[in-house]
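Note: hydrogens, waters and symmetry copies are ignored here, and every other heavy atom, side chains too, is used.
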Amino acid sequence: MTAWYRSALMVMLGSALCGSLGAAERPTLRLGVIDESFYEAVGNVVAQTLEAQGYRIDLSRGSHTEVYAALGRGDIDLAVAFWLPDGHATQWKALGTTVTEVVTLYEGARFFWGVPNYVPAREVSSISDLRKPAVAARMDHTIHGLAPDATITFQSIVAIDRYQLREAGYHVVPGSFPVWTSNLRQAVAAKRWVVVPTWTPNWIVREYGLRPISDPQDLLGGVNRVVLAAHSPPGTAALGAADIGAIRSLKMTLDDVIDMDLAVNKNGLSPDKAARRWLETHSAH
């Protein structure tokens, strides 16, 4: 029996005495956070909330693939975050009984393709519209994605084929956040027609006025709840009802997450400071 499992088991069996335990007697929780700014801000909100409950937090960052694999192996205890039921359904199913849902952090997350607001809605309101000769003649045919293991990237590659966009000259190029953001910034500055695989919450959607276009084949999935997940076993045994209640009581919204993401990417705050500022403001209410 590992030291971690013994600690978790003691918390589970002694939950009735949780209120009398000192902070030094509570276990260190290993929290994995996906290394994108909006995940990191939310991850720091979770970390600081659990620290206020008396836990010590060992926070690590990694890609979706790295964090999900670490959670499945039990190398981390908690992960921020999974989008369910659609966004990360494949990854969730692959992990099987090694993970369990702890609590919903916020709701309303979804993937979509967007175009800047200066692209007329009467001409482009759907992914299917990108095939129109008049639209294809003006639209940038290079659709910039993110890392190959990012859900929006491989969903977009599927969409290219399913909507027969390859025949119209479109192609998806995986890349990095700096390239992705830089391309959008330049396109908007020049008023070029561009389509962007993106999601909400994401600061660029608000900052650059991206309008979602419809996905008639529903390839990008629907609206998701964003959940804190735990390795199982011991799963939620590491957290008491009061700890889960403290996270649930935050009542974080999609707009709250976008506000923190903007604070990081536009105002230069660290995810830790953006989370702390949000918690201070939230506590004031």
Side-chain angles (χ1 to χ4, degrees), residues 34 36 38-39 63-65 82-94 108-224 254 258 261:
I34 294 168
E36 299 175 15
F38 73 99
Y39 283 118
S63 68
H64 289 80
T65 299
F82 285 84
W83 289 19
L84 300 175
D86 292 332
H88 300 130
T90 300
Q91 298 92 327
W92 184 265
K93 183 177 180 181
R110 67 184 181 106
F111 296 108
F112 62 90
W113 281 11
V115 296
N117 281 329
Y118 54 76
V119 177
R122 66 180 178 277
E123 297 192 47
V124 183
S125 62
S126 163
I127 295 177
S128 301
D129 289 337
L130 299 175
R131 292 198 310 266
K132 295 177 180 176
V135 172
R138 297 195 61 179
M139 193 71 68
D140 189 339
H141 288 177
T142 299
I143 299 176
H144 289 273
L146 293 172
D149 69 337
T151 301
I152 189 61
T153 300
F154 59 76
Q155 285 177 325
S156 295
I157 291 171
V158 171
I160 284 284
D161 291 323
R162 293 281 292 275
Y163 282 101
Q164 299 177 322
L165 297 178
R166 200 176 303 279
E167 292 85 342
Y170 295 95
H171 57 285
V172 174
V173 177
S176 64
F177 270 106
V179 171
W180 182 68
T181 307
S182 175
N183 178 75
L184 175 60
R185 182 184 299 114
Q186 293 172 24
V188 170
K191 293 289 194 283
R192 295 201 317 267
W193 285 26
V194 62
V195 61
V196 184
T198 188
W199 62 89
T200 189
N202 189 334
W203 73 284
I204 71 160
V205 174
R206 187 188 293 174
E207 180 69 7
Y208 294 106
L210 294 181
R211 182 183 75 249
I213 58 177
S214 68
D215 171 21
Q217 297 187 42
D218 198 27
L219 299 181
L220 305 181
V223 177
N224 298 272
L254 192 74
I258 296 172
D261 203 30

Begin with the C-alpha distance, continue with both residues' side-chain angles, and end with the deciding distance and a verdict on side-chain contact (heavy atoms from CB on, under 4.5 Å) for Trp113 and Val124. CA-CA 11 Å; Trp113 281 11; Val124 183; over 6 Å; no
Ile152 vs Thr198, test: side-chain contact (heavy atoms from CB on, under 4.5 Å). Steps then yes/no. CA-CA 7 Å; Ile152 189 61; Thr198 188; 6.0 Å; no
Under the side-chain contact (heavy atoms from CB on, under 4.5 Å) rule, what do Ser182 and Val179 come out as? Steps first, then yes or no, please. CA-CA 5 Å; Ser182 175; Val179 171; 5.8 Å; no
Step by step, work out the side-chain contact (heavy atoms from CB on, under 4.5 Å) result for Tyr118 and Trp193. CA-CA 8 Å; Tyr118 54 76; Trp193 285 26; 4.2 Å; yes
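In terms of heavy atoms, Lys132 sits closest to Glu123 at NZ-O, 3.4 Å. Contact record, Leu130 with Ala136: O-CB, 3.7 Å, taken as the closest heavy-atom pair. The nearest pair of heavy atoms linking Asn224 to Arg110 is ND2-CA, 4.1 Å. The shortest non-hydrogen separation linking Pro201 to Ile258 is CB-CG1, 3.6 Å. Of all heavy-atom pairs between Val194 and Ala187, the closest is CG1-CB, 3.7 Å. Considering every non-hydrogen atom in both Ile160 and Tyr170, the closest pair reads CD1-CB, 3.8 Å.
Of the possible polar contacts, one joining the Thr153 side chain to the Ala147 backbone as a donor-acceptor pair under 3.5 Å is found. In this structure a side-chain-to-backbone donor-acceptor pair under 3.5 Å is present from Ser214 to Ser125. Checking side-chain atoms of Asp129 against main-chain N and O of Ser126 turns up a donor-acceptor pair under 3.5 Å.
For Asp140, there are no salt bridge (Lys or Arg N to Asp or Glu O under 4.0 Å) partners, not counting sequence neighbours. Looking at residues two or more places apart in sequence or on another chain, you find a side-chain contact (heavy atoms from CB on, under 4.5 Å) between Gln217 and Arg162, Tyr163, Asp215, Leu219.
No side-chain heavy atom of Phe177 sits under 4.5 Å from any side-chain heavy atom of Ile204. No side-chain heavy atom of His144 sits under 4.5 Å from any side-chain heavy atom of Leu184. With a 4.5 Å cut-off on side-chain heavy atoms, Arg192 and Asn183 count as touching. Side-chain contact check for Glu36 versus His64: some heavy-atom pair is nearer than 4.5 Å. Looking at heavy atoms from C-beta onward, Ile213 lies out of side-chain contact with Val119 at the 4.5 angstrom threshold. Under the 4.5 Å side-chain criterion, counting only non-hydrogen atoms from C-beta, His171 is not in contact with Ile143. Two residues are said to be in side-chain contact when any heavy atoms from C-beta on lie closer than 4.5 Å; Pro174 and Leu146 fail this criterion.
Ring geometry for Trp199 against Trp180 counts as parallel: the plane angle stays under 30°, on a 0 to 90° scale with 60° as the upper cut. Ring pair Trp83/His88 is tilted by interplanar angle, where 30° to 60° counts as tilted.
Here the CG-CD distance, from Leu84 to Gln91, works out to 9.5 Å after rounding to the nearest 0.5 Å. Atoms CD1 and CZ, on Ile157 and Arg166 in that order, are 8.0 Å from each other to the nearest 0.5 Å. From Thr200, atom OG1 reaches atom CZ of Arg206 across 8.5 Å, with rounding to the nearest 0.5 Å. In this structure, the separation between CZ on Phe38 and CG on Asp261 is 7.5 Å, given to the nearest 0.5 Å. Atom OH of Tyr208 is separated from atom CG of Asn202 by 11.0 Å, given to the nearest 0.5 angstrom.
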